[in-house]
**Q** 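Let me begin by handing over the structure; questions about it come next.
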2 protein chains.
Amino acid sequence: MSNWKKRLSAEGFRITASRRAVMDVLLATSVPLSPREILEQGRRVHRKLGLVTVYRTLALLEHLRCVRRVHREDGCRGYLPCSPGHSHALICRQCGRAAEFQGFADLQALIARVEEATGYQVDDHLLQLSGLCLDCQS
Amino acid sequence: MSNWKKRLSAEGFRITASRRAVMDVLLATSVPLSPREILEQGRRVHRKLGLVTVYRTLALLEHLRCVRRVHREDGCRGYLPCSPGHSHALICRQCGRAAEFQGFADLQALIARVEEATGYQVDDHLLQLSGLCLDCQS
DNA sequence: CCCTTAATGAAAAGTTTTTTCAACTACAGT
DNA sequence: ACTGTAGTTGAAAAAACTTTTCATTAAGGG
């Protein structure tokens with residue numbers, strides 16, 4: 001059983017046609033999608049899908065860390081499926097294609113320095129990179 | 001003359017009461033403000049200020065790098081004044097107070113590694129930290 | 001102190017997100 | 001399999017947010 005289904009069940013949530021439609025769409029994309037885009041594509045597999053349900057499903061799946069929300073200059077609600085563990089998004093500014101990467105130790109070092117410099121106790125971070133993917137460089 | 005006024009003039013933009021109101025509000029805050037909050041506070045110094053103008057002014061000031069837009073889980077349009085040069089925001093999740101920090105070399109190293117790992121050519125990044133400020137830790 | 005033109009604000013239009021609520025259905029227990 | 005029930009859904013409506021339009025205002029060079 002796919003991972004997201006396990007997580008829903010484990011927390012007592014039901015596997016419904018709408019949730020399947022939303023996850024199917026997200027698992028098939030390599031570009032962050034907005035709720036409206038997810039609705040449109042999702043209707044191809046589940047005709048009755050409604051926008052409200054897309055919003056609710058995304059909120060739930062984000063909470064369970066099955067999907068990740070990416071922020072961009074335009075539109076702050078792009079969704080991507082996310083692999084287990086903490087990772088970050090790297091988005092092509094030309095075609096939108098997204099890749100994931102890990103934070104490595106550099107980020108820990110940076111955070112430690114910032115904590116020292118500011119006195120804040122840092123417990124979360126938002127890091128996204130953008131640029132050109134291999135295909136778009138030519 | 002304050003820096004933001006210089007930048008506006010230098011690019012041929014006018015120093016108006018509305019723009020002064022928006023910048024005054026931003027320079028006085030340590031918490032990211034939404035366009036609506038800026039409108040409300042701005043009206044205390046410039047009665048006729050309109051919401052449309054706040055949006056337009058923020059877009060302009062952001063373009064000129066006099067203000068910075070911060071993204072958060074809730075609401076993706078928080079504005080802060082920004083110091084010259086590239087820096088990042090660190091926001092207290094309790095009181096909202098923001099601090100700035102520089103990217104240091106760690107970030108460059110991280111980006112270089114990601115470029116190597118993914119083949120992308122990285123040319124921009126969005127980095128924000130959140131945690132507890134000194135006051136909120138007690 | 002004019003004049004030109006950038007800038008403004010109110011209203012309206014367009015979007016996005018949330019709330020409400022009756023109907024539906026996944027699935028645990030029978 | 002069948003059934004009951006509580007979690008889910010989707011349409012409509014409300015609320016919130018952002019952009020467009022356009023007549024009026026005023027910044028600042030001459």
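Quick note on labels: first sequence line is chain A, next is B, and so on, each numbered from 1.
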**Q** Within this structure, what is the CG-to-P distance between L60(B) and dT8(C), rounded to whole angstrom?
**A**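 Going from L60(B) (CG) to dT8(C) (P), I get 9 Å.
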**Q** To the nearest angstrom, how far is L58(A) atom CG from dT16(C) atom P?
**A**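 About 14 Å, once rounded to whole Å.
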**Q** Should K48(A) be listed as having a side-chain N or O under 4.0 Å from OP1 or OP2 of dT25(C)?
**A**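 Affirmative; the distance criterion is met.
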**Q** Which nucleotide sits closest to the side chain of V52(A): dA6(C), dT20(C), dT25(C)?
**A**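 Nearest to the side chain of V52(A) among the choices is dT20(C).
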**Q** Verify whether one side chain among S9(A) and R14(A) offers a donor that lies under 3.5 Å from an acceptor in the other.
**A**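 Looking only at side-chain atoms, R14(A) and S9(A) do not form any donor-acceptor pair under 3.5 Å.
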**Q** Which residue, F13(A) or A17(B), contacts DNA chain D at a nucleotide closer to its 5' end, judged by nearest heavy atom?
**A**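 Its nearest nucleotide being more 5', the pick is F13(A).
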**Q** Assign L51(A) to base, sugar-phosphate, or nothing according to its heavy-atom contacts below 4.0 angstrom with the strands shown.
**A**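 The residue L51(A) makes base contact.
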**Q** Just checking R77(B): base, sugar-phosphate only, or nothing, at a heavy-atom cut-off of under 4.0 Å?
**A**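 Contact class for R77(B): sugar-phosphate only.
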**Q** Indicate the atoms forming the closest heavy-atom contact of A89(A) with F101(A), along with that distance.
**A**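 In terms of heavy atoms, the two residues are closest at O-CE2, 3.5 Å.
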**Q** Checking all strands, does R19(B) fall into the base, sugar-phosphate, or nothing category for heavy-atom contacts under 4.0 angstrom?
**A**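 Touches sugar-phosphate only.
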**Q** Send over the distance from R36(A) CZ to dG14(C) C1', rounded to a whole Å.
**A**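 In whole Å, dG14(C) C1' lies 11 Å from R36(A) CZ.
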**Q** Nearest whole angstrom, please: distance from the P of dT8(D) to the CZ of R56(A).
**A**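 Result: 10 Å.
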**Q** For L39(B) and dT19(D), what is the distance between atoms CG and P respectively, to the nearest whole Å?
**A**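 Going from CG in L39(B) over to P in dT19(D) covers 15 Å.
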**Q** Minimum heavy-atom separation for L64(A) and R7(A), please, with both atom names.
**A**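 Nearest pair, atom of L64(A) first, then R7(A): O-NH1, 3.1 Å.
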**Q** Using atom OH of Y79(A) as one end and atom P of dT16(C) as the other, report the distance to the nearest whole Å.
**A**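 Atom-to-atom, Y79(A) to dT16(C), this comes out as 14 Å.
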**Q** Is the shortest side-chain N/O distance from H46(B) to OP1 or OP2 of dT8(C) below 4.0 Å?
**A**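 For H46(B), the contact criterion (side-chain N or O under 4.0 Å from OP1 or OP2 of dT8(C)) is not met.
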**Q** Going by an N to O cut-off under 4.0 Å, is there a salt bridge joining D106(B) and R113(A)?
**A**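 Counted as a salt bridge, because a side-chain N and a carboxylate O are separated by less than 4.0 Å.
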**Q** Regarding S18(B), tell me which of base, sugar-phosphate or nothing describes its non-hydrogen contacts under 4.0 Å with the strands shown.
**A**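 Sugar-phosphate only.
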**Q** Could you give the CG-to-P distance, from L49(B) to dA7(C), as a whole number of Å?
**A**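 From L49(B) CG to dA7(C) P: 16 Å.
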**Q** Would you indicate, yes or no, if dT9(D) has its OP1 or OP2 atom less than 4.0 angstrom from a side-chain nitrogen or oxygen of T16(A)?
**A**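 Affirmative; the distance criterion is met.
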**Q** Establish, from distance only, whether the side-chain atoms of R56(B) and S18(B) form a donor-acceptor pair under 3.5 Å.
**A**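 Short answer, no.
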**Q** Between dA7(C) atom P and M23(B) atom CE, what is the distance in whole Å?
**A**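 Distance check: M23(B) CE to dA7(C) P gives 16 Å.
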